[in-house]
2 protein chains.
Amino acid sequence: MSRLSETDTAKPLRGRAAAVGLTRAQVVEAAIAQIDAKGLSAFSLRELARSLGVSPAVIYWHVGGSKEDLFAAIAATITGGLAAAQDPQAPWTERLKQVFHAYRAAVHRHPNISPLLGAQMKSNGVANLDWIETVLAALHDGGFEGAALRDAFNALIGGLCGFVTMELAPAPASEDGSWENRISQRMAEVDAEAYPLTQAALPQLANRIFVLRWQNGADVSYDESFAVLLDILIGGIAVRAATLSHKEPAHG
Amino acid sequence: MSRLSETDTAKPLRGRAAAVGLTRAQVVEAAIAQIDAKGLSAFSLRELARSLGVSPAVIYWHVGGSKEDLFAAIAATITGGLAAAQDPQAPWTERLKQVFHAYRAAVHRHPNISPLLGAQMKSNGVANLDWIETVLAALHDGGFEGAALRDAFNALIGGLCGFVTMELAPAPASEDGSWENRISQRMAEVDAEAYPLTQAALPQLANRIFVLRWQNGADVSYDESFAVLLDILIGGIAVRAATLSHKEPAHG
DNA sequence: GCATCAATTGAACAGTGTTCAATTGAAAAT
DNA sequence: ATTTTCAATTGAACACTGTTCAATTGATGC
């Protein structure tokens, strides 16, 4: 039998609980710390238990039936309280920008956990519901309803959260060395007979890639690219909102 | 020692190769088929070997040093030949639409493999280089250079590929039943004292979610939402291209 | 002092990725 | 015709994983 309640009960504890008292929240926090430190692929329930000085079964008792449940709890912890990051007085387009900047900032605080958040976005745990509500409310203020609301919502969530998922996706461990080495190696691999056009374009392509700094290095930032994406999306949605109100004047 | 070459050699085989002759391509295809059939989380190298009637070590010999390498090969196979899906005569904005629709279609043919593609997007294997080149060439025709090119490229790739990654992300296995059950259960879980506003908003929110059909069921499609996102993005980028050419008239 | 029961234990099961010294057997060399 | 070569495969082994479960602990309420 496992602890069922999501929130830690403040009720008086009995039995061994009062003495040792490992909390569900402590387990989740330790898991987050461990993933932050050593990466998601190096994370295991057994090592988590080891680092807590505890038997692996304890994790299950505190967190639920499976590793997925722990991941869900982690995602809920990280994206919790995100709706508070908006100014209720601001116009709806501005509120959307604030909320999505807050989402990106929250995920960037735990880049190694990013893959989990993308997957957990569909679970709609309670912790996420309020910030989903925030997005929906802003779009509602913009006049969106029905299919138009669905598309605007999906475009925003999918495009922006997807961007963050992509930018933080772990680059595969480089086989032998630097980015330059890998690119020139790839270039050498291209079969000139089968793909003459690609072969001809490759030097130019390599230059472009260097310009773009499409790599996972230390000095690379996607901040400006995200701002551009956010601007384009909110702008396009505002335009659609305007045409919507022209076509359907004040339904309901 | 493992087979190093990416492409299967057409050179005459010696030794046992000619008799049994399991190909690297065959291994990759079998892996794709298995992930398509049983899902990514149920996939293992051992069962892949089992289904091929072969020892697990064979996979390593054919595909390289680790499971990651197999995943890279799978991603390359699926996104290979994507650049061909464009009409060179069309204007650059239209070419971008064609290419990204082709990307989405290719990933939708293997929804279970989608998580791999998002991660593997940063590896820039040769198979992907040509369609990345396609995107870059279209943007170049639109007049983008330097930081503006980087941002337009990142916004497109991140937003659109991210959208596809998000829409195909596997929803966590529903604990007890239908979507409606889960939503009403979540609603019951919300602490009315701690979150009175959220509690009050939940019925409306639930309605909205039902309208949006934000679920992973059979009859749900993100086709229109993706089209909306694509329209907004390409439109916004076209606008930026126009302002670019005003500011920097024909540099170079 | 006793029963309760939240919290923990330790052992076990089935399965995983990965490595490696052996082995096969047809093609090439002699 | 025999030997050598070596691509391809094997089977066993190692260290590890997620998960389950019957036991055990020990402070609290009775």
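By convention in this document, chain letters (A, B, ...) are assigned in the order of the sequence lines, proteins followed by strands, and residues within each chain are numbered from 1.
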Whole-Å distance separating the CD1 atom of I59(A) from the C1' atom of dT9(C): 13 Å
H62(A) vs dA6(C): side-chain N/O to OP1/OP2 distance below 4.0 Å: no
Inter-end axis angle, the helix from dT4(C)-dA27(D) to dT30(C)-dA1(D), with every axis fitted to five base pairs (rounded, 10 degrees): 10°
A73(B) versus R24(B), closest heavy-atom pair with distance: CB-NH2, 3.6 Å
CG-OH distance between L229(A) and Y222(A), expressed to the nearest 0.5 angstrom: 13.5 Å
Gap between atoms CH2 and P, on W61(A) and dA6(C) respectively (whole Å): 7 Å
Q86(A) and H101(A): CA distance, side-chain angles, deciding distance, side-chain hydrogen bond (donor to acceptor under 3.5 Å, both in side chains) verdict: CA-CA 10 Å; Q86(A) 64 162 354; H101(A) 265 128; over 6 Å; no
Point-to-point distance, once rounded to the nearest 0.5 Å, from CZ of F43(A) to CD1 of I74(A): 5.5 Å
Identify the pairs formed between an N or O of the protein and an N or O of nucleotides 14-18 of chain C at a distance under 3.5 Å, and give each distance.
unit_1	atom_1	unit_2	atom_2	d
dT16(C)	OP1	S44(B)	OG	2.8
dT16(C)	OP2	R50(B)	NH2	3.1
dG17(C)	OP1	L45(B)	N	3.1
dG17(C)	OP1	K67(B)	NZ	3.1
dG17(C)	OP2	L45(B)	N	3.0
dG17(C)	OP2	R46(B)	N	3.4
dG17(C)	N7	R46(B)	NH1	2.6
dG17(C)	O6	R46(B)	NH1	2.7
dT18(C)	OP2	Y60(B)	OH	2.9
dT18(C)	OP2	K67(B)	N	2.8
dT18(C)	O5'	Y60(B)	OH	3.2
dT18(C)	O4	R46(B)	NH1	3.4

Euclidean distance, I78(B) CD1 relative to S114(B) OG, rounded to 0.5 Å: 9.5 Å
Separation between CD of E167(B) and CG of N154(A), rounded to the nearest 0.5 Å: 9.0 Å
Value in whole Å for how far the P atom of dC16(D) lies from CG of L48(A): 17 Å
Straight-line distance of L70(A) CG to L48(A) CG, nearest 0.5 Å: 7.0 Å
Pairs meeting criterion side-chain hydrogen bond (donor to acceptor under 3.5 Å, both in side chains) with involvement of residues 27-48 of chain A, two or more places apart: Q34(A)-S51(A), D36(A)-H110(A)
